[in-house]
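In what follows, a single structure is set out as structure tokens and then discussed.
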Number of protein chains: 2
Amino acid sequence: MSQPTMDDVAAKAGVSRALVSLVMRQSPRVSEHNRAKVLAVASDLGYRPNTAARNLATGQTHTIGAMLNDIHNPFFTAVAEGASKAAADAGLHLLLSSGWQRSEGETEAIEMLLGMRTDGLLLASPRLSHVTISEFATQAPTVIIGVWGPWTDMDSLNNDEDHGAELVVDHLTKLGHKRIAHVSGNLPAGGEQRRSAFANAMMKRGLAPIIIDGDFNEKAGYDGAASLMALHDRPTAIFAGNDLSAIGVMSRLHELGLRVPEDVSVIGYDDTNIAGISAISLTTIHQPREEIGTLAIQLLVERIAGRTEDRHEELKPRLVKRSSTAPVATA
Amino acid sequence: MSQPTMDDVAAKAGVSRALVSLVMRQSPRVSEHNRAKVLAVASDLGYRPNTAARNLATGQTHTIGAMLNDIHNPFFTAVAEGASKAAADAGLHLLLSSGWQRSEGETEAIEMLLGMRTDGLLLASPRLSHVTISEFATQAPTVIIGVWGPWTDMDSLNNDEDHGAELVVDHLTKLGHKRIAHVSGNLPAGGEQRRSAFANAMMKRGLAPIIIDGDFNEKAGYDGAASLMALHDRPTAIFAGNDLSAIGVMSRLHELGLRVPEDVSVIGYDDTNIAGISAISLTTIHQPREEIGTLAIQLLVERIAGRTEDRHEELKPRLVKRSSTAPVATA
DNA sequence: CAGCGTTCTGTAAACGTTTTCATGAGATTT
DNA sequence: AAATCTCATGAAAACGTTTACAGAACGCTG
């Protein structure tokens, strides 16, 4: 025989099922005496309300489903941590899932969450098309993080990419760099905006943007750096799509016998824990990671409470200067 | 009005609810013609089976709940990735949750998973007491990773700590180190076994183990290194509880103006991605992370299928030599 | 003792599926 | 035309809760 049910608890405690239900839902209209008895019996029996049944009856799950682009990326786990805390404060649970960097994986994960009828959906930089995302968003209150799009009937939370790229290019050009390359992140997952912001910031200064299509991971940086260093007019600085990619860039440069920052300056994005490690000390663009998670939950909570107007928030990043960037070598 | 139900689909497709149910469960006893029509209508309506209702009716969730000690630790995310793939292959979903390095957080997360009646429970190095874990394990097929205990009615998957410590101490002593310190990991979460294995390996060689209580994160390494370097008889090598902690150790040493490995050798554990970064190049003990996840799911699947004997697997780790360890300086 | 408020009971419907079963309708084979 | 086979139907019960409601038991107050 399997798990005990409410009826089992009621029978053993000598009360009605309705009373047990009230106790489980922390209703105040239960005598202290009976509440204690029911809880005692419940823990004795190892009873635990069946959430599937509860969800079915109430139509509410008190759960937010989060789909993270890449659980290996500290940026997303920090966002998730912020979200998890905020959700707990709001009496909600956060259910994590990841697409493991594959778009089909993301689709599956979101389908699962929608099937469970989570009260809300938190999409962190999905790799899916705008159309697909918009379709999913019709099924539950949704907030999307880190992807620009013509979002309607959902909320979004974005980094001010223009400002970020401006910070990067400003910093590097002030150090005398002119040949600056960008290893872009995965385009659907927010890399597009960053790439074009970089291109604009460069052109504005009359500089030619060098761009390599990549992804938001170590491998892309590693591969990208190789291609860039094979150019006969090597860039003197590399702006990686994010910190992970920057790490890949640094690894490859190291293997090529090039020093950072003496030979090549490298700059990342996100200011994840990795960037702060002394041995790495990566100059990067800081984003308020946990805050992003908190804010996302706040937006969802408002939605769930009934807000219907869309909100599209934009956060300003800032530069964190460490030791991976330096004045261009005067060759 | 909310989400469409099976009846809505049935009505619109002009078939019975039973038929829609058959289609949704991919039954083969449905004509191609009707299957297509039902699927068309379903997607038209945006219909998606309600898993709560389905779970209730079948008593199965086809879901494994995973509780990760620390989602920021690449070791656990790699385990999760392996588990996720294996689960998908077995027709199961993996639901992630984390206790965010707090034991109450872990309790909550597990309670939630049990409430959802997941078919199995995957506990990755929980920080909870043996008693608490054993209680949870009575409620669902459970496999625990990385914690030694007197487990009964559950499976476990462990690293051969004696072998690992032996590798560490052997490597360091062969390099001439005698004053070797260990910044231990969080004890309930598996740090205890590693610590005592280290102590044994040292004593066996007539060496005094220097041990600092820590945790499996960067901060612990950072703090631990400070304490160790304040000793008047400084250790010449530090064995960190895991890679994260080793990073913390290296950061602090760097700040203290000490070079790795010239002044102090550092060795980590887990061989996470971080260890392989060229700029870090951490000597560490390798564990087959994804395989661990895969194996864990396999154990759970067997359990769910009815196996009742306990299985306790032990995996042998191996040393990966990089550049954070070197012969002791002849002062 | 009447009246009142609080706490509890028992019953029943509802949530959206799955599952079973007896029956029926069509198509295909003999 | 009869027999067989495949596919579909409709009804009903079940899963474990929540929720609503009418009424009962109880202890207090006046």
Side-chain angles (χ1 to χ4, degrees), chain A residues 1-39 41-42 45-63 111-112 114-119 139-140, chain B residues 1-39 41-42 45-63 111-112 114-119 139-140:
Chain A
M1 59 170 310
S2 56
Q3 308 266 31
T5 72
M6 233 174 209
D7 285 316
D8 298 329
V9 176
K12 183 149 182 209
V15 299
S16 69
R17 167 152 52 109
L19 217 222
V20 178
S21 176
L22 289 174
V23 171
M24 290 302 151
R25 287 177 284 142
Q26 343 234 37
S27 158
R29 36 204 324 109
V30 178
S31 67
E32 209 32 68
H33 170 257
N34 269 342
R35 174 194 310 287
K37 169 183 269 178
V38 166
L39 289 177
V41 171
L45 253 38
Y47 169 74
R48 194 183 303 284
N50 181 319
T51 47
R54 172 176 285 182
N55 295 346
L56 200 53
T58 62
Q60 289 234 322
T61 59
H62 295 286
T63 293
E111 301 260 11
M112 176 184 65
L114 287 174
M116 318 179 69
R117 302 289 193 273
T118 56
D119 292 347
Q139 316 233 12
Chain B
M1 59 169 307
S2 56
Q3 308 266 28
T5 72
M6 233 172 208
D7 285 315
D8 298 330
V9 176
K12 183 151 183 207
V15 299
S16 68
R17 167 150 53 107
L19 216 222
V20 178
S21 175
L22 289 174
V23 171
M24 289 303 151
R25 286 176 286 143
Q26 344 233 36
S27 158
R29 33 199 331 104
V30 177
S31 67
E32 209 34 68
H33 169 256
N34 270 342
R35 173 192 313 286
K37 168 183 270 176
V38 167
L39 289 177
V41 170
L45 254 37
Y47 169 75
R48 195 183 302 283
N50 180 320
T51 48
R54 173 176 284 181
N55 294 346
L56 200 54
T58 61
Q60 289 233 322
T61 58
H62 296 287
T63 293
E111 300 261 10
M112 175 185 66
L114 287 174
M116 319 178 69
R117 303 289 192 273
T118 55
D119 291 347
Q139 316 233 13

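Residue numbers start from 1 in every chain, and the chains themselves are labelled A, B, ... in the order their sequence lines are given, proteins ahead of strands.
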Subject >> From A:N34, A:V38, A:L39, A:V41, residue fulfilling side-chain contact (heavy atoms from CB on, under 4.5 Å) relative to A:V20 >> reply: A:V38
Original post:
How would you label the contact of A:G14 with the nucleic acid (heavy atoms, under 4.0 Å): base, sugar-phosphate, or nothing?
Top reply: sugar-phosphate
Original post:
What is the nucleic acid contact for A:N34, judged by heavy atoms within less than 4.0 Å: base, sugar-phosphate only, or nothing?
Top reply: sugar-phosphate
**OP:** Take the C1' atoms of the five end pairs on each side of the helix from C:dC1-D:dG30 to C:dT30-D:dA1, get both axes, and report the angle to 10 degrees.
**Re:** 30°
Original post:
Can a side chain N or O of A:S16 be found less than 4.0 Å away from OP1 or OP2 on C:dG10?
Top reply: no
Subject >> Side-chain N,O (A:R29) to OP1/OP2 (C:dG5) below 4.0 Å >> reply: no
**OP:** Would you mind reading off the distance between A:R54 atom CZ and C:dA14 atom C1', rounded to a whole angstrom?
**Re:** 17 Å
Subject >> Spacing between B:L22 atom CG and C:dT20 atom C1', to the nearest angstrom >> reply: 11 Å
Original post:
Would you find a donor on one side and an acceptor on the other, under 3.5 Å apart, between the side chain of A:R35 and the backbone of A:Q26?
Top reply: no
Subject >> Covered region of DNA chain D, 5' end to 3' end, by chain A [heavy atoms, under 4.0 Å] >> reply: D:dG16 to D:dT19
**OP:** Could you verify whether a donor N or O on one side chain and an acceptor N or O on the other, from A:R54 and A:T58, lie under 3.5 Å apart?
**Re:** no
Original post:
Ignoring hydrogens and angles, does a donor from either the side chain of B:R17 or the base of C:dT18 sit under 3.5 Å from an acceptor on the other?
Top reply: yes
